[in-house]
Amino acid sequence: MIIAAGLLATPLAACGGDGDSGNDAGSGSDKIVLGFSQVGAESGWRTANTKSIQDSAKEAGIELKFSDAQQKQENQIKAIRSYIQQKVDIIAFSPVVESGWDTVLKEAKDADIPVILTDRAVDSTDTSLYKTFIGSDFVEEGKKAGDWLVKEYEGKTETVNIVELQGTTGSAPANDRKKGFGDVIAADPKFKVIASQTGDFTRAKGKEVMEAFLKANPDIDVLYAHNDDMGLGAIEAIEGAGKKPGVDIKIITVDAVKDGMQALADGKINYIVECSPLLGPQLMDLVEKVHAGETVPARVVTEETTFTQEQAKAVLPTRQY
Ligand code: AHR
C-alpha cells in the first residue's frame, strides 16, 4: 500500500508503538498494514492480549501499527481517524465502551477500509460498519459465575450477601458479565447483591472499592469481580480488614491470568471463569481473509473454560499468561 507523505507525521493519540510502527510507504513492501487500537494496559489480561496481537502480527508478516488508548474512547477515535488518514489496509480495535462508534466507523467504511472488532462489541445497529467480531461471550461468562454460586449454596436457605466489582462502566464485558450473573442468581431470592460498583478493571480500583464495601457492609459473603485484577486488589482489602479471602468471603473472578490462577490455587479465590486473551492468531487469520476479499463469519466466539482451585493447581505450571 502507498501512504501520502504529508500524512506520515499524523500523530497518534497516546501512541504506544511496538517498535514496528513505521509504514511501508515507498518501501515497495506488499505487506498487509493493520492499524490496531488497543483499550489500554489496565489488566494482566490486556497485557497478554497485546503481546498475542503483536507476536501474531510479526509471525504472519503483517505490519502492525499499534496504539494504546489508555482506556479513553476519544483516544481510540483519534487513533482510528489517523489510521484512516494513513490509508492502512485494515483497522482492528477493541472498543473501550459499547456506544458512540457509528460516526468513526462510517468514516472508515466511506474510506473503504474494513474494520474488525476484537474482544469487545459495539452497540451499532448497522452491522455493515464492521466485517466481523472476534471475542468471548461475556454474558455466558457471567452465567458461568452465577452457576457456580448457585451450586455452592445449594440446599442452603440463609441470605447470601454479594458484592460486585464491575468492569469499566459502559464496556461490553461489564454490561454482559453483570447481566449473565444477575440472570442466573435472580432465580433464587436468597442471593442479594448488596453493593455493585465499578473498579475499572484495575487492581488499584478493585482494592479501593472493596475497602469501601467492607466499611459499609459488615456481612459480605461473596465477592463477584468482573476480572482477576480487581479481585486481586480486593483480596488485599479483605486481608487488610482482618478477614480471610476465599474463606470468610468467597470470591469469583473472570479471566484466569497467572496471578489470578495462583490466588485460586492458594485458596484465596474460589472459582475463575476463563476469558482468553490469546486472540492474536485468529485475528491475523481474519485480517488475511478480509484483505483477500474472502467471506468471514460475522461472529467468532473464543473457546473458554472454568477453573476450580484443584484445576488451577494442575494447570498453573504450564499456564502461558
Ligand atoms: O475485555 C476483556 C476484559 O478487559 C478483561 O476481562 C479484563 O481483564 C480486561 O481489562
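Atoms within a ligand are numbered from 1 in the order they appear, just like the ligands themselves.
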Sequence neighbours excluded, the answer for ring pair (Phe, Tyr, Trp, His ring centres under 6.0 Å) partners of Tyr130 is none
So do Ser276 and Trp45 actually touch side chain to side chain, heavy atoms under 4.5 Å?
-> no
Without placing hydrogens or testing angles, list every side-chain donor-acceptor pair under 3.5 Å for residues 152-162, not counting sequence neighbours.
from	atom 1	to	atom 2	distance (Å)
Glu152	OE2	Lys250	NZ	3.0
Asn161	ND2	Asp219	O	3.0

Among side-chain atoms of Thr202 and Glu42, is any donor-acceptor pair under 3.5 angstrom?
-> no
CD (Glu294) and NZ (Lys131) are apart, to the nearest 0.5 Å, by 12.5 Å
Check each protein residue for a heavy atom under 4.0 Å from ligand 1 and list those that pass, ordered by chain and number.
-> Glu42, Ser43, Trp45, Arg46, Asp119, Arg120, Phe138, Pro173, Arg177, Phe201, Asn227, Asp255
Please table the atom pairs, donor to acceptor, closer than 3.5 Å between any side-chain atom in residues 228-240 and protein atoms at least two apart or in another chain.
from	atom 1	to	atom 2	distance (Å)
Asp228	OD1	Thr253	OG1	2.7
Asp228	OD2	Ala256	N	2.8
Asp228	OD2	Val257	N	2.8
Asp229	OD1	Gly44	N	3.0
Asp229	OD2	Arg203	NE	3.4
Glu239	OE2	Lys268	NZ	2.9

